[in-house]
Amino acid sequence: MAADTTRAGICAILGLPNAGKSTLMNQLLGMRLMAVSPRPQTTRNRVLGVKNVSADGVAAQIVFLDTPGAQRGAGAMRQYMREQTLAAAGDCDVALFLLDMTDPAQRAPGSMEGVAAALEELTRTVAAPMLLALNKIDRVPKPALLPSLEAWNGTGRFEELIPISALKGDGLDRLEAAIARRLPEGPHLYPEDMVTDRAERFLAAELVREQVFRQLGDELPYAAAVVVEDFRERPERGDVVISAVVHVERESQKGIVVGKGGQRIKAIGSAGRAAISQLLGCPVHLLLHVKVSPNWSSGAGGLRAMGYE
Ligand code: GDP
Ligand code: MG
């Protein structure tokens, strides 16, 4: 009987920037596909990750959304991120709030002044059961944790409070089980072997990069980076359209990658396209551009800020 029952649903991971949302996703999925940064606001998109777990003897599939964090402020990017976050919060079957226990302002609800409004707004949007994960406990002594647990529990908003370390992996089994048992009964939404929709994008970029180095390794003294900017499946045609940028540091390197009359970039593109097509098992259209991005590799303001890591 139990074998026929499955659960599946969406868990949105919510929290302030830097709480450890991306770290948690990566740890749960066992991969490092998303940007994790000591600087806040690196994650700009909703990211889907899929984890198959067994809870109470029932096979459950958790579909995770990693969100950019509760934002307040004027700029267009912030507005976009805020909307994405609220959309994720509204849609989910389970909402997981993540707190950074190394931040004194998040250790107790009463002390959250500047961020209280953002959290309030999220809480109002969520209709699903809410769980609270108190993160980064590897950096907090136990006696300091207990009052926090009590204070947050006192809000009465959360069905369960779970201390975790996303970085070290502590508490994650309990967390997964807590999420899984709150998902609605129903068939799984994705194939068992699917981990994230980012995987294909990431691998496509890697395959193009491989071609850049195969064809130009000796001539490019510095590394080039490849970023997939658009990855569009066209179900009606059964193909995929990918737009990718090869980033180099100097104009002279751009000349090398493009080649005489564009021959080099053409060859890189056609070999890359063939490799991606083989990976995806469908026809692929690959649009390649070369861009000069001075100091792309040097961190701040570079490709890391674009979610490339
Ligand atoms: P996000 O903005 O919520 O996605 O946060 P990130 O996942 O990018 O993490 C922000 C920073 O917190 C990074 O430097 C992480 O390494 C760090 N971090 C995340 N989880 C933990 C944890 O459990 N323990 C410790 N010590 N650091 C963590
Ligand atoms: Mg993030």
Side-chain angles (χ1 to χ4, degrees), residues 11-49 51 62 64-73 75 77-78 80-89 92 94-107 112 114-115 118-119 121-123 126 130-142 144-145 148-149 152 161-176 178-179 195-198 202 299-309:
C11 175
I13 304 181
L14 306 164
L16 296 169
N18 229 29
K21 298 178 294 295
S22 299
T23 304
L24 176 64
M25 280 274 284
N26 292 330
Q27 185 72 256
L28 289 171
L29 300 176
M31 301 175 86
R32 277 189 97 250
L33 293 183
M34 283 136 287
V36 179
S37 163
R39 289 174 300 112
Q41 298 170 29
T42 309
T43 312
R44 293 193 174 150
N45 298 304
R46 286 169 65 168
V47 176
L48 181 77
K51 179 97 194 245
I62 311 172
F64 285 104
L65 295 184
D66 174 32
T67 63
Q71 300 288 324
R72 285 226 160 247
M77 176 57 87
R78 283 188 149 212
Y80 168 78
M81 288 166 67
R82 200 175 137 250
E83 280 163 11
Q84 294 279 302
T85 301
L86 288 174
C92 63
V94 175
L96 174 66
F97 284 82
L98 205 57
L99 292 175
D100 178 352
M101 284 295 106
T102 66
D103 174 8
Q106 297 181 49
R107 284 196 198 127
M112 300 186 69
V115 292
L119 253 178
E121 183 169 27
L122 273 179
T123 313
V126 174
M130 300 200 296
L131 305 176
L132 189 68
L134 298 91
N135 191 29
K136 309 195 188 181
I137 55 164
D138 56 289
R139 296 259 312 272
V140 179
K142 262 218 178 92
L145 187 63
S148 271
L149 271 167
W152 278 105
L161 289 83
I162 303 150
I164 65 166
S165 168
L167 195 64
K168 310 266 183 211
D170 296 332
L172 301 191
D173 286 348
R174 192 186 147 199
L175 179 65
E176 277 181 7
I179 297 165
V195 178
T196 169
D197 67 356
R198 277 291 168 98
F202 177 79
L303 284 187
R304 280 210 172 151
M306 297 164 52
Y308 183 94
E309 201 176 61

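Numbering of ligands and ligand atoms starts at 1, following listing order.
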Of all the atoms in ligand 1, which lie at a distance below 4.0 Å from a heavy atom belonging to R139? 26 (N)
Which of the ligand 1 atoms, numbered from 1, are nearer than 4.0 Å to a heavy atom of A166: 20 (N), 23 (O)
Given [options], which has its nearest heavy atom closest to [atom]?
atom	options	result
atom 20 (N) of ligand 1	I137, I164, N135	N135
atom 19 (C) of ligand 1	T23, L24, D138	T23
atom 10 (C) of ligand 1	L98, D100, L14, N18	N18

Criterion side-chain hydrogen bond (donor to acceptor under 3.5 Å, both in side chains) against S165, the qualifying member of D138, T23, D170: D138
Between D103 and N18, is there a side-chain heavy-atom distance shorter than 4.5 Å? no
Is ligand 1 less than 4.0 angstrom away from at least one heavy atom of A19? yes
Determine, step by step, whether L98 and L14 satisfy the side chain to side chain contact (heavy atoms under 4.5 Å, CB included) criterion, reporting the C-alpha distance in whole Å, the side-chain angles of both residues, the deciding distance to 0.1 Å, and the verdict. CA-CA 6 Å; L98 205 57; L14 306 164; over 6 Å; no
Heavy atoms from other residues, nucleotides or ligands near CZ of R139 exceed 12 (cutoff 6.0 Å): no
Distance in Å, I62 CD1 paired with K51 NZ, rounded so as to fall on 0.5 Å steps: 7.5 Å
